[in-house]
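Encoded as structure tokens, the structure appears first; notes follow it.
The residues of the chain are indexed from 1 along the displayed sequence.
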Amino acid sequence: MTLYNALPRKDYERVFMCKTAKEKFSIFNEETIDSGFTRFNAIVTSLKSLDPDYSSKNHLRKFLRASPLKWRAKVTVIEEAKDLVTLPLDDLIRNLKV
């Protein structure tokens, strides 16, 4: 209830009947890699501040799944060429830009 009370009326009406807070993150077609990464990073940072035990091991895969179709060829090449378990998120962004 505390979270509901902290929401603006418009957001409260949108979410008060939801059973979970899970939403799918996606990068828009007209969005750049940098702006998509900035939004993604802001969400991850917020999650970490809310829960210090939050695990970030699947962030690369989540970011790649959220990518638009026009990036799909680049994403496939990166998935096949790199070890996503050890690849830092910043390196992934650099590879997508190349």
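To the nearest 0.5 angstrom, Glu30 atom CD is 8.5 Å from Ser35 atom OG. From Glu79, atom CD reaches atom NZ of Lys74 across 14.5 Å, with rounding to the nearest 0.5 Å. Once rounded to the nearest 0.5 Å, the distance linking CD1 of Ile78 with CG of Asn95 reads 5.0 Å.
Phe25 places none of its side-chain heavy atoms less than 4.5 Å from the side chain of Arg65. The shortest distance between side-chain heavy atoms of Leu96 and Val75 falls below 4.5 Å. Taking the side chain as every heavy atom from C-beta outward, Trp71 and Ile27 approach each other to under 4.5 Å. Between Asp91 and Arg94 the shortest side-chain heavy-atom distance falls below 4.5 Å. Looking at Leu84 and Leu64, their side chains come closer than 4.5 Å, going by heavy atoms from C-beta outward. Considering only heavy atoms from C-beta on, Asn41 stays 4.5 Å or farther from Thr38 through its side chain.
Side chain of Lys70 to main chain of Asn29: a donor-acceptor pair is present (N/O by atom type, distance under 3.5 Å, no hydrogens or angles). Distance alone, capped at 3.5 Å, is enough to place a donor-acceptor pair between the Arg39 side chain and the Ser26 backbone. Ser46 places a side-chain N or O within 3.5 Å of a backbone atom of Ala42 that can act as its donor or acceptor partner.
Hydrophobic clustering (ILVMFWY, side-chain heavy atoms < 4.5 Å, transitive): Val77 and Ile33 are in distinct clusters. When the side chains of ILVMFWY residues are joined at heavy-atom separations under 4.5 Å, either directly or via intervening members, Leu87 and Phe63 end up in a single hydrophobic cluster.
Of all heavy-atom pairs spanning Phe40 and His59, the tightest one is CZ-O, 3.5 Å.
With sequence neighbours excluded, no residue forms a ring pair (Phe, Tyr, Trp, His ring centres under 6.0 Å) with Phe37.
With respect to the salt-bridge test (charged N to carboxylate O, under 4.0 angstrom), the residues Asp34 and Lys97 qualify.
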